[in-house]
Amino acid sequence: MATATATPTVNRSPWRGGIEPMSASYGKLMMWFFLLSDAFTFSALLITYGLERFSSKAYTGTIEAYEFSQAYWPVPEKVFNALPFLHGFDIPLVFVGIMTFVLILSSVTMVLAVEAGHRMDRADVEKWMLWTIVGGAAFLGCQAWEWSHFITGTEAGGKLIDGTIFHGANLVHNQYGPPLFADLFFFITGFHGMHVTSGVLLNFLVFYNASQGVYERRGHYEMVEKVGLYWHFVDLVWVFVFTFFYLI
Amino acid sequence: MAAQTQTLAAPGERIKPQTKEIWRTFWILLVATAIEFIIAFTFAHGLFRISIFLGLTVIKAFYIVGNFMHLRHETKGLIWAIIIPTVFVMWAIAVFLTEGTAIHAVR
């Protein structure tokens, strides 16, 4: 080009590299998009639950006269009404409320670990990561109890379609109502529990690395943030599972 | 969140934790869950009850994603890149619940 100017200009085009898109690091951005895709998977499962529930008959009688039947979709507060050490009492939703509280609390300790990471405070990161791991493990313990109670069933059991009495639930038979209710319970809470399990493993990895000084040498604690995003997402999913599976 | 400013401590120095906003979010989430509980035991089953549950769930989701996941403080581009695709979820909810009602009608 004949008319090219000699003044060197700094090219600040976003396409020239060196600029982080959306001012987020590669890892953080990819974590966000992974979580978005994961949100679609959980949405698919919960929407399937909604579809099945809307297409099934609903219980129309009073809560006092409620009994398990294959004819209508179960009322959740009549299915999930047990508490450890209080056998035989009707205590609806309290146990799952405790689980929700545990998970929200572990989300808080996670965000406290992220905050400690911003301050480059290794001792605080270790402390809060450890509490987050404890919270996740406590939640998993609760879920194991919840599952074993659901699978074992009640003493009275419930009538299947062919008239036989069945106790508890598996993927084929379900004392509480249509088998699909049990299937969706196992799939949705199971898939969420799997996420919690891998979250606890990741949290432990971050805790271990932090205690070994890996992030201190690296100069930043961004890994805590990235795993934190995942952990908060797991909490977020539980908020939706709690509402759609247990409350409504 | 003011607590999330990137300040680096000199070796041996310890910056005071700034956790006010975090605990404020925690109390909002706890109170929302408590209200859900109270409503689950006191209100009759119906549309009103369901809409309160949905509203509180959206509020909780907003605080978890906005404050805990820090999305409120990201760039506009990132915020929209996350929010806009969830339109497909809204669409799927509308479609499949309508479909469920239709299946119920012919069963």
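We name chains A, B, ... by the order of the sequence lines, and we start the count at 1 in each one.
- Rounding to the nearest 0.5 Å places OG of Ser43(A) at 8.0 Å from CE of Met90(B).
- Among Thr57(B), Val58(B), Ile50(B), the single residue meeting the side chain to side chain contact (heavy atoms under 4.5 Å, CB included) criterion with Thr243(A) is Thr57(B).
- Taking 4.5 Å as the limit, every side-chain heavy atom of Leu30(B) sits out of range of all side-chain heavy atoms of Ile104(A).
- Atom CG of Asn67(B) and atom NE2 of His232(A) lie 10.0 Å apart (nearest 0.5 Å).
- When all heavy atoms of Phe54(A) and Leu97(B) are compared, the closest pair comes out as CD2-O, 3.7 Å.
- Counting heavy atoms from C-beta outward, Val111(A) and Met69(B) have side chains that stay 4.5 Å or more apart.
- Contact annotation for Lys57(A): both backbone and side-chain heavy atoms come within less than 4.5 Å of a heavy atom of chain B.
- Chosen from Val95(B), Leu71(B), Thr86(B), the residue pairing most often with chain A at heavy-atom distances under 4.5 Å is Leu71(B).
- Residue Phe33(A) qualifies as enclosed at atom CZ: its count of foreign heavy atoms under 6.0 Å is above 12.
- Smallest separation of non-hydrogen atoms from Ile82(B) and Leu36(A): O-CD1, 3.5 Å.
- Counting only distance, with no hydrogens or angles, the side chain of Glu115(A) and the backbone of Gln18(B) share a donor-acceptor pair below 3.5 Å.
- Looking at Glu99(B), both its backbone and its side chain come within 4.5 Å of chain A, counting heavy atoms on both sides.
- Here the side chains of Phe26(B) and Leu105(A) are in contact, with some heavy-atom distance below 4.5 Å.
- Residue contact with chain B, scored on non-hydrogen atoms closer than 4.5 Å, is absent for Leu46(A).
- Looking at Leu236(A) and Phe68(B), their side chains never come closer than 4.5 Å, going by heavy atoms from C-beta outward.
- Rounded to the nearest 0.5 Å, atoms CZ (Phe242(A)) and CZ (Phe53(B)) are 8.0 Å apart.
- Within a 6.0 Å sphere centred on OH of Tyr26(A), heavy atoms belonging to other residues, nucleotides or ligands number 12 at most.
- Trp32(A) and Glu74(B) make their closest contact through NE1-OE2, 4.5 Å (heavy atoms, listed as atom of the first residue, atom of the second, distance).
- Proximity to chain A is absent for every atom of Ala105(B), based on heavy atoms less than 4.5 angstrom apart.
- Side-chain atoms of Phe37(B) and Leu247(A), non-hydrogen and from C-beta on, never get closer than 4.5 Å to each other.
- Across Pro17(B), Ala61(B), Ala40(B), the residue that shares the most heavy-atom pairs under 4.5 angstrom with chain A is Pro17(B).
- Going from atom OG of Ser107(A) over to atom CG of Leu29(B) covers 8.0 Å, rounded to the nearest 0.5 Å.
- With respect to the salt-bridge test (charged N to carboxylate O, under 4.0 angstrom), the residues Arg49(B) and Glu77(A) qualify.
- Considering every non-hydrogen atom in both Leu51(A) and Gly100(B), the closest pair reads CD1-N, 3.3 Å.
- Annotation: Phe42(A), atom CZ; neighbour count of heavy atoms from other residues, nucleotides and ligands within 6.0 Å is above 12.
- Looking at Ile248(A) and Leu54(B), their side chains come closer than 4.5 Å, going by heavy atoms from C-beta outward.
- Between the CZ atom of Phe240(A) and the CD1 atom of Ile64(B) there is a distance of 8.5 Å, given to the nearest 0.5 Å.
- With contacts defined as side-chain heavy-atom distances shorter than 4.5 Å, the pair Leu112(A)/Trp23(B) qualifies.
- With a 4.5 Å cut-off on non-hydrogen atoms, Lys16(B) touches chain A through its backbone but not through its side chain.
- Taking the six-membered ring for Trp and thresholds of 30 and 60 degrees, Phe40(A) and Phe88(B) have ring planes inclined between 30 and 60 degrees apart.
- Within a 6.0 Å radius of CD in Gln212(A), more than 12 heavy atoms belonging to other residues, nucleotides or ligands are found.
- With a 4.5 angstrom heavy-atom cutoff, Thr101(B) touches chain A via backbone and side-chain atoms both.
- Side chain of Thr75(B) to main chain of Met22(A): a donor-acceptor pair is present (N/O by atom type, distance under 3.5 Å, no hydrogens or angles).
- Taking both residues in full, the closest heavy atoms of His104(B) and Ser56(A) are given as ND1-O, 3.4 Å, listed atom of the first, atom of the second, then distance.
- Within the 4.5 angstrom heavy-atom criterion, atoms from both the backbone and the side chain of Phe233(A) approach chain B.
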